[in-house]
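Just so you know, these numbers come straight off a predicted model, no measurement behind them. Read the numbers this way: they start at 1 and go in the same order the structure lists the ligands and their atoms.
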Amino acid sequence: MSDLNGKTVIITGASRGIGEATARHLADLGATVVLAARSAHRIKAIADDIAAPSGEAIAVPCDVSIAADVSALIDTAVARTGRLDILVNNAGLIDPIARLADSDPEAWGGVVDVNVKGVYHGLRFAIPKMAARGGGTIVNISSGAATSALEGWSHYCATKAAVLSLTRVADKEYRDQGVRVIGLSPGTVATEMQVQIKASGINPVSQLDPSAHIPPEWVARAIAWLAGPEADGHRGADFSLKTDEGRAAVGLAALA
Ligand code: NJP
């Protein structure tokens, strides 16, 4: 497990779900965590809770679809802590779920703004800071949807495929400057996103029993593992937590 003492980690989409669990876990491992999301009151409450026993946590309200917000987020993290070691590009949307001919073009584009442009913004503004210090790690939260087609998820499949593409290109461009860029496909996770998926009733994922989902804390453990050198073989690709090999590497139970 990575020793994150003295390191600064930014997590987008940290107001709930995978992002919140990741902030809490990485703080437990010694990191100073910077929580970003639109729900300012929620990230402030989580940061206060993390900081209360012994951790260090900073809340920065941020809409990842807005370049200036992400630029300011990264500047704030560096100004407050003096460094940036890890960025977790986690913020993402799945709603509204709809088949192509029923989809609303504006809402479809809004998902592109968050899922694709949000990740691009993180890469765009974090890479120069990391490269200037000799390196860092960026984990882009991907999905099995990046490489498979699911009814009602044209926006989600297309945007996660774009995230995988960004992971590949960023690795190609900045590997030799010490910037480690890795995607993470977590499988189904018990968060608000799965509640929205179930409510849609559209494809087989919506039919899954909630007991099939892994807890967000498992994803947080995978992210901590990806931050360390043991995960170097996954640079420029999506690491999957759905496989027995992936779970074993992270130290999690095999699939039932
Ligand atoms: O989702 P959820 P998860 N700017 O809905 C934030 C991927 N994934 O934790 O802004 C900034 O509980 C939102 O905060 P707020 C998935 O695609 C999941 O499951 O305050 N933040 C909240 O904190 C996504 O990339 C599953 O509303 C924005 C967070 O995003 C990541 O995992 C499977 C924002 C969403 O929390 C986390 O999803 C899979 C914005 N514009 C991949 N818009 C799964 N759950 O099964 C939203 O393969 N957020």
Student: Among residues at least two apart in sequence or on other chains, which ones pass ring-ring contact (aromatic ring centres under 6.0 Å, His included) with Y174?
Tutor: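 Per chain and number, Y174 pairs via ring-ring contact (aromatic ring centres under 6.0 Å, His included) with no residue.
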Student: Is there a path of hydrophobic side-chain contacts, each under 4.5 Å between heavy atoms of I/L/V/M/F/W/Y residues, joining V139 to V181?
Tutor: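 V181 and V139: separate clusters.
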Student: With hydrogens left out, which residues have an atom under 4.0 Å from ligand 1, given that only heavy atoms count?
Tutor: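 Answer by chain and number: G13, A14, S15, R16, G17, I18, A37, R38, S39, C62, D63, V64, N90, A91, G92, L93, V114, I141, S142, S143, Y156, K160, P186, G187, T188, V189, T191, E192, M193, Q194.
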Student: Strictly by salt bridge (Lys or Arg N to Asp or Glu O under 4.0 Å), give each pair with a member in residues 198-220 just once, sequence neighbours left out.
Tutor: none
Student: Check this for me: does any side-chain nitrogen of one of D28 and R24 sit under 4.0 Å from a carboxylate oxygen of the other?
Tutor: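 A salt bridge is absent here (no side-chain N lies under 4.0 Å from a carboxylate O).
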Student: Got a sec, which residues hit side-chain hydrogen bond (donor to acceptor under 3.5 Å, both in side chains) with D104, two or more places apart in sequence or on another chain?
Tutor: none
Student: Classify the ring geometry between F239 and H234 as parallel (under 30°), tilted (30 to 60°) or perpendicular (over 60°).
Tutor: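 Correct class here is perpendicular.
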